[in-house]
Amino acid sequence: MHMHKFEKIWLTFGVGCLVIFLSVVCVSAFYLGNKPASCLTTINPERIDQTKPFNQPGLHKVEGKDWDYELVFVASTFSYTPAKVEVPLGAKVKVIATTKDVIHGFEMAGTNINMMLEPGYVSEYTTTFDKAGEYLIVCNEYCGAGHHLMSAKVEVVK
Ligand code: CUA
């Protein structure tokens, strides 16, 4: 089979890139042990209501940390607790969330917050709310018949 010179060059380049990229991913995952940050904190999904901070979902002011507030959410089929919460404008907030049952999504429309909530794990994201308004939280992982009904609201107020 005859192959054009440029075809050979591009084919070699393409396969080379693939090998390099896969090697980087494999070394990072298996040798260096890199994982998503949320994998580091685990929780017993059957005891969420008794486990801090999920025994008190909602917004809490904290002292002596790099963030001003902790915003705690518990997801379950098919709702978030709390369903609505007010956050002061300009506050640096650590969003902490987990799920009681199946995998749910946690996407805050119009922000960079987009987490997967897995049973047994705690997901966290720190952000500053510097734009007032209402933010819709939606579930973006299909979780059952009521998936499309699953939502909550964060209101950023002055
Ligand atoms: Cu919860 Cu989809």
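From a predicted model like this one, the values you see are computed outputs, not experimental measurements.
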Euclidean distance, Leu32 CG relative to Cys26 SG, rounded to 0.5 Å: 11.5 Å

Rounded to the nearest 0.5 Å, how far apart are CG of Asn112 and OG1 of Thr127? 7.0 Å

Run through the side-chain heavy atoms of Ile, Leu, Val, Met, Phe, Trp and Tyr, join any pair under 4.5 Å, and report what else lands in Leu117's cluster. Leu59, Tyr69, Leu71, Phe73, Phe78, Tyr80, Val85, Val87, Leu89, Val93, Val95, Phe106, Met108, Ile113, Met115, Tyr125, Phe129, Tyr135, Ile137, Met150, Val154, Val156

Answer yes when Lys65 and Glu70 have at least one side-chain N-carboxylate O distance shorter than 4.0 Å, and no when they do not. yes

Can you name the residues that form a salt bridge (charged side-chain N to carboxylate O under 4.0 Å, His left out) with Lys131, not counting sequence neighbours? none

Could you give the distance from CD (Glu141) to NE2 (His147), rounded to the nearest 0.5 Å? 8.5 Å

Side chain to side chain donor-acceptor pair (under 3.5 Å) filter on Lys84, not counting sequence neighbours, yields Glu155

Can you measure from SG (Cys139) to NE2 (His148) and round to the nearest 0.5 angstrom? 11.5 Å

Partner set under side chain to side chain contact (heavy atoms under 4.5 Å, CB included) for Leu136, not counting sequence neighbours: Val138, Ser151, Lys153

Note: Ala152 and Pro82 closest approach over all heavy atoms is CB-O, 3.9 Å

CE (Met3) and CD1 (Ile9) are apart, to the nearest 0.5 Å, by 11.0 Å

Sidechain-backbone polar pair: Tyr142 side chain, Gly144 backbone, donor-acceptor under 3.5 Å: yes

Would you mind reporting whether Thr98 and Phe54 have side-chain heavy atoms less than 4.5 Å apart? yes

Residues in side chain to side chain contact (heavy atoms under 4.5 Å, CB included) contact with Val15, at least two apart in sequence or another chain: Val19

Under the salt bridge (charged side-chain N to carboxylate O under 4.0 Å, His left out) definition, can you give me all pairs with a residue in residues 85-108, not counting sequence neighbours? Asp49-Lys100, Lys94-Glu124

If we only count heavy atoms from C-beta on, is the Ile96 to Val122 side-chain gap below 4.5 Å? yes

Please check this pair: side chain of Thr42 against backbone of Gly120, looking for a donor-acceptor N/O pair closer than 3.5 Å. no

Has Thr99 got a side-chain atom pairing as donor or acceptor with Val102's backbone, closer than 3.5 angstrom? yes

So, does Thr12 use its side chain to make a donor-acceptor pair with the main chain of Lys8 at under 3.5 Å? yes

